[in-house]
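Some notes on the structure that comes next.
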Amino acid sequence: MASVGETGLPLAKQLPPYPKRQLLILALCRICEPIAFMSIFPYIFHMVKDFNITQDESKISFYAGMVTSSFTFAEFSTGFLWGRLSDKIGRKPVLLMGLAGTGISVLAFGFAPNLPVALFARALGGLLNGNIGVLQTTVAELVTVKEHQPRAYSVMPLVWCLGSILGPMIGGTLAKPVDNLPSLFLPGSIWDHFPYLLPNLFSAICVFLGVIIGTLFLEETHAEKRKQRDRGVEFGNYLLSLLPKRKRTEIGRGKAPEERALLYENDEQLPGYRTSESSPQLASTLGPALQDPLSLEETGQEALPEPKKAPATKPFTRPVVLIIISYGLLAFHTMTFDALLPVFLSTSPPENREPNSLPFKFADGFGLDTRTIGVILSVQGLYSMASTSFLFPMIARKLGALRLFRVLSFSYPLLYFVTPYMILLPENLRMTSIYVMVVWKCTFATLAYPSNAILLTNSAPTLLSLGTINGVAASTASLCRAFGPIISGMLYTMGLESGYSGLAWWVTGLITIAGSFLSFEIVEPRGRMDEKDDIETVNEPVGIRESPSRDEE
């Protein structure tokens, strides 16, 4: 008869606690970046217009696309290097350096008096920030079982969604404060000379708060570097010790008895450095197998034999490469949508409008102001939070990451072919159609990105190469994100001039068709996270199963 533990489940099936505290700290560090990134979208069209590069509004979208893409082009050039560096020195220092680089970048962008300085400031942020791939690696190292993946991999998209709410609100409200908030900001002040400084100054403050939180409370997850002394966490734990005893107990220990038992296991920690994380001990083996995070000594059971190290394998297998390519295509067309939508909403109707010749020849614009666009983008972020929190974990458990990603890839083209026709609707239906399109787009994006991340993590042959793999994936996505706004901006300008305002949307739709065919070539092989199943007494299916952990209930 199989032995059972505190949860009443066979020991072979017991799961480690969900690493909620470290994911929360990681989320607090992460949220400042989407705030900084998304805050520029409500005013970027007007900022480029104020640079007086051209009087032709149809060309402003091209320059706005250049500003947006300069960050991602630069991020592409260094993303792989940051991933490799995180494999060598650890995840935490790379994440903190990326945050600091973002803070410096947004300050320079706020003071930009012309287009070259704005391009340089955005590019500087991309060069100094390689956090996308490193964040994915950190989450993968925190989550040691597949049962926790749907919930854990929705955290970072959820944080991005929250930033997508706050960022546009901040950008739309604080841009041009002399005009929008005349009672607080006087003409002739620094806010008049630099009308876009205030939202960037706010973003910079958020970023540096993230650096402080990460330094004090974020623990290293690299299998080898996590054993080194971390004076920042030591000082953070000292600050926690100054809190009242009851509050400190709740923060440090958690309430579940099985979690408290795990927290105080001896794990060769250095003096003054005792983790307050209620998460499983992270894997420190050099092979693909993960250590069993449950302490069997306290239950009186015999520990499972340690699995043998797997032979070295190349990190970029065919499944990994296909998933990275699909990730790049996903990044290209979703970034295109994000860049095109505010421009589409900002564009004023052409003065000399040519007669429409449906179904394809028509040109028009909504002519909305920055505040209205900021509200629309904030609603987009608000809905994305709900979709990420509730829809993705539920649907991913039922369909599995691979099947879900295929369904989304096959459904995406319709979104891009339909969007430009919103402008042809009657005036009283236009705003409703905008919100319907935003909900449609957000639902797809919040399901597609974490699905792709899970597929990439599960296909990685070894944990120690995950930083390099995610670095390459981040670089690929950054390059595609960089090309997206530039190409779409050119096509949008050509479309307005020729009378086909849907040209950029339709070309992007054709690209999504290529992604849908590629998705059927992707497979999810048995990878490092399946090794644990091979040493258990009960075989588990490869797909995602319901988590029996108490923390999930």
Side-chain angles (χ1 to χ4, degrees), residues 37-38 40-41 44-45 47-49 51 53-54 56-77 79 115-116 118-119 122-123 125-126 132 324-347 360-363 365 377 409 412-423 437 441 444-445 448-449 452 473-518:
F37 186 81
M38 294 296 294
I40 78 166
F41 283 97
I44 186 60
F45 183 90
M47 184 180 191
V48 173
K49 186 177 180 180
F51 288 152
I53 303 170
T54 177
D56 187 353
E57 286 199 6
S58 65
K59 295 181 179 179
I60 292 177
S61 59
F62 171 72
Y63 295 109
M66 288 180 59
V67 174
T68 304
S69 297
S70 60
F71 177 92
T72 46
F73 262 126
E75 191 177 43
F76 156 73
S77 64
L115 182 63
L119 290 171
R122 293 286 291 174
I132 296 178
I324 289 176
I325 295 173
S326 67
Y327 180 38
L329 291 175
L330 177 66
F332 176 88
H333 65 75
T334 54
M335 186 65 190
T336 295
F337 192 106
D338 289 336
L340 273 180
L341 183 61
V343 174
F344 188 35
L345 300 179
S346 301
T347 302
F360 300 115
K361 189 173 184 180
F362 57 90
L377 296 181
S409 298
Y412 250 123
L414 183 62
L415 171 65
Y416 292 93
F417 288 124
V418 169
T419 297
Y421 290 98
M422 292 190 303
I423 202 64
M437 203 58 57
K441 173 260 179 183
F444 278 26
Y449 273 104
N452 187 277
S475 290
T476 303
S478 297
L479 180 63
C480 294
R481 288 191 182 100
F483 277 116
I486 290 179
I487 295 175
S488 62
M490 293 174 60
L491 292 173
Y492 190 75
T493 300
M494 291 170 55
L496 288 179
E497 293 175 345
S498 61
Y500 294 88
S501 58
L503 180 63
W505 299 99
W506 297 327
V507 171
T508 306
L510 294 176
I511 294 173
T512 62
I513 293 177
S516 65
F517 282 107
L518 179 63

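Remember, predicted model here, so these are calculated numbers, not experimental data.
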Task: Distance, nearest 0.5 Å, that separates CZ of Phe337 from OG1 of Thr419 - done: 4.5 Å
Task: Distance, nearest 0.5 Å, that separates CG of Asn452 from CG of Leu329 - done: 10.0 Å
Open item on the list: Could you walk me through whether Leu340 and Tyr492 satisfy the side chain to side chain contact (heavy atoms under 4.5 Å, CB included) test, starting with their C-alpha distance in whole Å, then the side-chain angles of each, then the deciding distance to 0.1 Å, before giving a yes or no?
Closed with: CA-CA 8 Å; Leu340 273 180; Tyr492 190 75; 4.0 Å; yes
TODO: Classify the side-chain pair Tyr449/Thr334 by whether it contains a donor and acceptor separated by less than 3.5 Å.
DONE: yes
- [ ] Decide whether His333 and Tyr412 meet the rule of one side-chain donor and one side-chain acceptor closer than 3.5 Å.
- [x] no
Task: Side chain to side chain, Met47 and Val67, heavy atoms closer than 4.5 Å - done: no
Side-chain donor-acceptor contacts of residues 505-514 below 3.5 Å, not counting sequence neighbours, with atom names and distances?
{"from": "Trp506", "atom 1": "NE1", "to": "Phe417", "atom 2": "O", "distance (Å)": "3.3"}
{"from": "Thr508", "atom 1": "OG1", "to": "Ala504", "atom 2": "O", "distance (Å)": "2.8"}
{"from": "Thr512", "atom 1": "OG1", "to": "Gly509", "atom 2": "O", "distance (Å)": "2.5"}

- [ ] Only pairs at least two apart or in different chains count here, so list each salt bridge (charged side-chain N to carboxylate O under 4.0 Å, His left out) that has a residue in residues 324-344.
- [x] Asp338-Lys441
Task: Exercise: identify the closest heavy-atom pair between Ala64 and Val48 - done: CA-CG2, 3.9 Å
Task: Test of ring centre spacing under 6.0 Å for Phe37 and Phe71 - done: yes
TODO: Please name the pair of heavy atoms, one in Thr476 and one in Gly328, separated by the smallest distance, quoted to 0.1 Å.
DONE: CG2-CA, 4.1 Å
Open item on the list: Distance check, rounded to the nearest 0.5 Å: Ile53 atom CD1 versus Leu115 atom CG?
Closed with: 4.0 Å
TODO: List the atom of Pro420, the atom of Gly502, and the distance in Å for their closest heavy-atom pair.
DONE: CB-CA, 3.6 Å
Open item on the list: If you count every heavy atom of other residues, nucleotides or ligands that lies below 6.0 Å from Met437 atom CE, does the total exceed 12?
Closed with: yes
Open item on the list: Measuring from atom CZ of Phe444 to atom OG of Ser409, what distance do you get when rounded to the nearest 0.5 angstrom?
Closed with: 10.0 Å
TODO: Would you give the length of the straight line joining atom CD1 of Ile325 to atom SG of Cys480, rounded to the nearest 0.5 angstrom?
DONE: 9.5 Å
Open item on the list: I need the Tyr63 OH to Thr493 OG1 distance, nearest 0.5 Å.
Closed with: 9.5 Å
